[in-house]
Amino acid sequence: MKLSVVVPVYNMAADGKLEYCLDSLVSQTLEPGSYEIIAVDDCSTDNSYEILKGYRDRYPDRFIAIHSEKNLHQGGAKNIGLAIARGEWLGFIDADDWITPDYYEKLIKKAEETGADMVGCDYNLTHEHSFKVGQVVHNNNFEQTGVMDKEKYRKLLIETGSLVVKIYRRSLILGDYVPGTREKLSVFPENIFYEDNAVSNTWMIRSGHFEYIQEPMYFYYQHDASTVHSISRKNLEDRMAAGRMIVKEAKDNGYFEDYRQEIEFQYTVLFYVNTLFSAMPKKFKVPGCYSFTRALGKEMKETFPDFQKNPYYIEKIHPEEKKLIGFQMKSHLFFYIYYRLLWFYRDLRSGRK
């Protein structure tokens with residue numbers, strides 16, 4: 001088996017989202033019988049699993065439908081799919097996204113031509129179900145490619161790109177695991193969002209040769225229900241948990257000290273900066289915002305006391321954000337009052353209430 005594609009599915013039946021994704025998968029230009037699609041229904045409450053069974057019946061040579069009796073979030077669904085994956089190459093796709101017909105053929109061809117064990121490409125941001133190219137996001141860059149060395153690893157850790165917009169030789173993820181010997185693996189953390197962030201660094205470090213195709217072949221569907229557009233206390237806490245896992249993964253796998261600055265910056269952005277400035281806007285109404293953001297800042301300072309001196313932080317964080325963060329590191333009360341007054345004033349200027 002050349003390729004296994006794992007698709008976690010949860011309540012994707014509405015508006016034809018799931019069918020658009022699956023149609024793009026069953027229509028891949030790879031030779032029939034050379035790839036499998038493993039769609040894992042994560043205990044959906046709509047008829048997503050019925051749709052999956054329909055595809056299984058129509059495409060028995062390439063489509064596997066699995067139902068999880070317990071909702072484990074995307075990480076758990078992926079762990080179930082990976083346990084039976086037989087492919088030499090592993091790929092992932094979110095159930096509301098889709099790909100060009102030659103997506104996997106081109107990625108695998110690039111790998112075979114170059115000897116790479118990981119290959120990625122660019123993606124589109126789109127609001128409509130079509131193959132019209134939308135806003136192109138360069139998922140990686142050519143300075144990261146080729147046979148890996150410390151400098152390339154540093155560049156890849158700072159800009160890993162999306163985990164789903166890549167293929168991986170199975171050994172990077174599964175080692176010598178024999179397919180079907182377990183019902184579920186423990187590759188991804190379960191019951192949290194941002195599960196990709198927690199594990200992707202280790203995959204990058206395991207890669208000996210990375211290649212990149214500068215072509216937007218993956219379509220990333222933008223809608224209000226997407227994880228990235230949802231702000232809740234659970235969402236923010238999961239982001240923090242993923243940040244902690246980034247550090248733990250690096251220490252457990254022995255690359256923390258070699259890439260301390262890169263790991264520190266990743267943690268700072270995911271755990272702290274993005275969480276802080278998602279929690280603060282009053283429109284999101286995060287319960288206990290004052291105490292939540294105070295505890296957030298305290299843990300950031302305890303984990304990496306000198307994060308404001310990190311060269312990536314100095315270069316990449318917006319000056320206004322750095323100013324506000326500086327305020328919080330000195331006095332959370334002052335930061336909180338200043339932030340609220342600042343945005344109250346800006347709302348008045350713009351005519352909003």
Side-chain angles (χ1 to χ4, degrees), residues 125 127 135 137 157-160 162 189 192-198 201 220 222-248 260-353:
L125 299 179
H127 293 83
Q135 179 186 344
V137 177
L157 289 175
I158 285 300
E159 297 182 34
T160 59
S162 173
I192 70 167
F193 299 112
Y194 306 102
E195 76 287 346
D196 290 356
N197 299 85
N201 283 347
Y220 182 22
Q222 304 291 286
H223 57 97
D224 291 340
S226 296
T227 300
V228 294
H229 296 135
S230 303
I231 299 297
S232 66
R233 183 67 175 255
K234 163 69 173 168
N235 183 287
L236 297 177
E237 288 174 346
D238 284 356
R239 188 183 285 165
M240 295 166 67
R244 296 183 192 107
M245 289 177 192
I246 285 175
V247 176
K248 185 177 186 302
R260 182 186 179 92
Q261 288 186 334
E262 289 74 23
I263 301 302
E264 179 183 67
F265 180 68
Q266 281 190 337
Y267 176 91
T268 301
V269 171
L270 179 65
F271 173 89
Y272 177 61
V273 177
N274 289 351
T275 306
L276 178 66
F277 293 113
S278 293
M280 284 299 296
K282 62 182 179 181
K283 64 180 179 179
F284 294 127
K285 299 180 181 178
V286 174
C289 182
Y290 180 85
S291 59
F292 175 82
T293 51
R294 180 178 60 187
L296 175 71
K298 182 174 182 290
E299 187 171 347
M300 181 69 235
K301 191 185 297 186
E302 290 172 348
T303 306
F304 290 108
D306 298 321
F307 75 93
Q308 294 176 90
K309 298 178 182 178
N310 183 293
Y312 299 111
Y313 178 90
I314 294 169
E315 175 190 353
K316 295 178 180 292
I317 299 299
H318 190 278
E320 184 174 19
E321 290 183 339
K322 282 192 283 193
K323 181 178 77 172
L324 291 167
I325 288 167
F327 289 161
Q328 196 202 22
M329 290 297 105
K330 293 177 181 177
S331 167
H332 179 68
L333 178 62
F334 178 80
F335 157 78
Y336 197 86
I337 294 172
Y338 180 90
Y339 187 98
R340 290 289 183 236
L341 289 175
L342 175 66
W343 284 98
F344 177 75
Y345 172 73
R346 288 181 177 177
D347 285 349
L348 285 178
R349 288 285 301 268
S350 63
R352 295 193 298 267
K353 293 183 180 180

Measure the shortest side-chain to side-chain distance between [X] and [Y] over non-hydrogen atoms and say whether it is less than 4.5 angstrom.
| X | Y | answer |
| --- | --- | --- |
| Phe271 | Thr303 | no |
| Phe265 | Leu270 | no |
| Lys316 | Ile158 | yes |
| Glu195 | Met245 | no |
| Ile192 | Pro189 | yes |
| Asn201 | Glu262 | no |
| Ile325 | Val273 | yes |
| Tyr267 | Met240 | no |

Measure the [atom1]-[atom2] distance between [X] and [Y] for me, rounded to the nearest 0.5 Å.
| X | Y | atom1 | atom2 | answer |
| --- | --- | --- | --- | --- |
| Leu276 | Thr268 | CG | OG1 | 12.0 Å |
| Thr275 | Met280 | OG1 | CE | 13.0 Å |
| Gln328 | Lys301 | CD | NZ | 8.0 Å |
| Asp196 | Thr160 | CG | OG1 | 9.5 Å |
| Glu299 | Arg294 | CD | CZ | 14.0 Å |
| Gln266 | Leu157 | CD | CG | 5.5 Å |

Problem set entry | Derivation of the side chain to side chain contact (heavy atoms under 4.5 Å, CB included) call for Phe193 and Leu236 | CA-CA 9 Å; Phe193 299 112; Leu236 297 177; over 6 Å; no
For this session: Go through the steps to decide whether Gln261 and Tyr312 satisfy the test side chain to side chain donor-acceptor pair (under 3.5 Å), and finish with yes or no.
Result: CA-CA 8 Å; Gln261 288 186 334; Tyr312 299 111; 5.1 Å; no
Problem set entry | Lys322 atom NZ, neighbour heavy-atom count above 12 within 6.0 Å |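 Count over threshold, so yes.
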Exercise. When you look at NZ of Lys234, are more than 12 heavy atoms from neighbouring residues, nucleotides or ligands closer to it than 6.0 Å?
Worked result: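 Counting neighbours around NZ of Lys234, more than 12 heavy atoms of other residues, nucleotides or ligands fall under 6.0 Å, so yes.
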Seminar exercise, completed: Sequence neighbours excluded, the answer for ring-ring contact (aromatic ring centres under 6.0 Å, His included) partners of Phe307 is Tyr272, Tyr313
Exercise. Taking only residues two or more places apart in sequence, or in another chain, which ones meet Phe327 in a ring-ring contact (aromatic ring centres under 6.0 Å, His included)?
Worked result: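 Phe334, Tyr338.
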State whether the side chain of [X] and the backbone N or O of [Y] hold a donor-acceptor pair below 3.5 Å, judged by distance alone.
| X | Y | answer |
| --- | --- | --- |
| Arg340 | Phe335 | no |
| Thr293 | Tyr290 | yes |
| His332 | Ser291 | no |
| Glu264 | Phe304 | no |

Exercise. Which atom names give the shortest non-hydrogen contact between Tyr194 and Asp238, and what distance separates them?
Worked result: CD1-C, 4.0 Å
For this session: Using the side chain to side chain contact (heavy atoms under 4.5 Å, CB included) rule, take Tyr336 and Cys289 through it: C-alpha gap first, then chi angles, then the decisive distance, then the call.
Result: CA-CA 10 Å; Tyr336 197 86; Cys289 182; 3.8 Å; yes
Exercise. Any side-chain donor-acceptor pair under 3.5 Å between Ser278 and Arg239?
Worked result: yes
